[in-house]
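Take a look at the structure set out below.
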Amino acid sequence: MAIKFYTSDVSFNLKNKRLIKNWIDNAIVNEAKILGDISIILCSDEFLLKLNQDFLQHDTFTDIITFDNTEGIIIAGELYISIDRVRENATSFTIDFNNELLRVIIHGVLHLCGYGDKKPNEIKKIREKEDFYLGTFN
């Protein structure tokens, strides 16, 4: 099984792919799950907006959309991440772009692992998990 990175509608060179893959795999194992196939597609605001409109009927920009193909404990899916939105959020929150990108990636992986973010208690839990896993990235 594998984690693969793609770009669509943007020119972006992701650094440290092997390190990121190992980090994601370790997080999945830590969640008592097994890595299946995960595609991480880095794209533009416009590309992600179109997906948001077409599949979720939301007419708003977002930093990530997760399509979950998980079966049982085999974690699989597609993470579409807007590089434009990550860059803007990093600037707005005055944090490092790479740190924000990692946060968004692990957020999507945590969704695949079964974590939600619709209710206040879910948001609190997923944020705690994001912070935990960001602290394990090296």
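Residues Ile65 and Phe67 are in side-chain contact: their nearest non-hydrogen atoms beyond the backbone lie under 4.5 Å apart. In this structure, Ile24 and Ile20 have side chains that are in contact, with non-hydrogen atoms separated by less than 4.5 Å. Residues Asn99 and Leu134 are in side-chain contact: their nearest non-hydrogen atoms beyond the backbone lie under 4.5 Å apart. Looking only at side-chain heavy atoms (C-beta outward), Leu49 and Thr60 stay at 4.5 Å or farther from each other. Two residues are said to be in side-chain contact when any heavy atoms from C-beta on lie closer than 4.5 Å; Ile83 and Phe97 meet this criterion. Considering only heavy atoms from C-beta on, Lys129 stays 4.5 Å or farther from His107 through its side chain. Side-chain atoms of Glu78 and Thr66, non-hydrogen and from C-beta on, never get closer than 4.5 Å to each other. Between Tyr133 and Val109 there is no side-chain heavy-atom pair separated by less than 4.5 Å.
Gly36 and Ile74 get closest at one heavy-atom pair: CA-CG2, 3.7 Å. Looking at every heavy atom in both residues, Ser44 comes nearest to Ser82 through C-OG, 3.7 Å. Counting all heavy atoms, side chain and backbone alike, Asp45 lies closest to Asp84 at N-OD2, 2.8 Å.
At a threshold of 4.0 Å, the pair Asp25-Lys21 does not count as salt-bridged, since none of the basic side-chain nitrogens sits closer than that to a carboxylate oxygen. Note on Arg103 versus Asp131: salt bridge recorded, some NZ/NE/NH1/NH2 to OD/OE distance being below 4.0 Å. Glu100 and Arg87 are not joined by a salt bridge, as no carboxylate oxygen comes within less than 4.0 angstrom of a charged side-chain nitrogen. Salt bridge annotation for Glu122-Lys125: absent, with no cationic side-chain nitrogen under 4.0 angstrom from a carboxylate oxygen. Remark: Lys124 engages Glu128 in a salt bridge, criterion side-chain N to carboxylate O under 4.0 Å.
Side-chain contact, Thr62 with Asn52: no donor N or O sits under 3.5 Å from an acceptor N or O.
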Q: Test Phe47 against Val10 for side-chain contact (heavy atoms from CB on, under 4.5 Å), laying out the working first.
A: CA-CA 9 Å; Phe47 186 93; Val10 292; over 6 Å; no
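Interatomic distance, CD1 of Ile40 versus OH of Tyr80, reported as 12.0 Å (0.5 Å rounding). The line from CG of Asn16 to CH2 of Trp23 is 11.5 Å long, rounded to the nearest 0.5 Å. Note that CD1 of Ile64 and NE2 of His111 are 7.0 Å apart. Values are rounded to the nearest 0.5 Å.
Remark: Gln57 CD is packed, more than 12 non-hydrogen atoms of other residues, nucleotides or ligands lying under 6.0 Å away. The number of heavy atoms from other shown groups lying within 6.0 Å of CZ (Phe12) is above 12.
Side-chain N or O atoms of Asp63 include none that pairs as donor or acceptor with a backbone N or O of Val86 at under 3.5 Å.
When each of Ile38, Ile34, Asn69, Leu35 is checked for a side chain to side chain contact (heavy atoms under 4.5 Å, CB included) with Ile75, only Ile38 meets the rule.
Using a 4.5 Å cut-off between side-chain heavy atoms of Ile, Leu, Val, Met, Phe, Trp and Tyr, with links allowed through other members, Leu56 and Val104 fall into different hydrophobic clusters.
Partners of Phe61 according to the ring-ring contact (aromatic ring centres under 6.0 Å, His included) rule, which considers only residues two or more places apart in sequence or in another chain, do not exist here. Legend: residues meeting side chain to side chain contact (heavy atoms under 4.5 Å, CB included) with Asp68, ordered by chain and number and at least two apart, are Thr70, Leu112.
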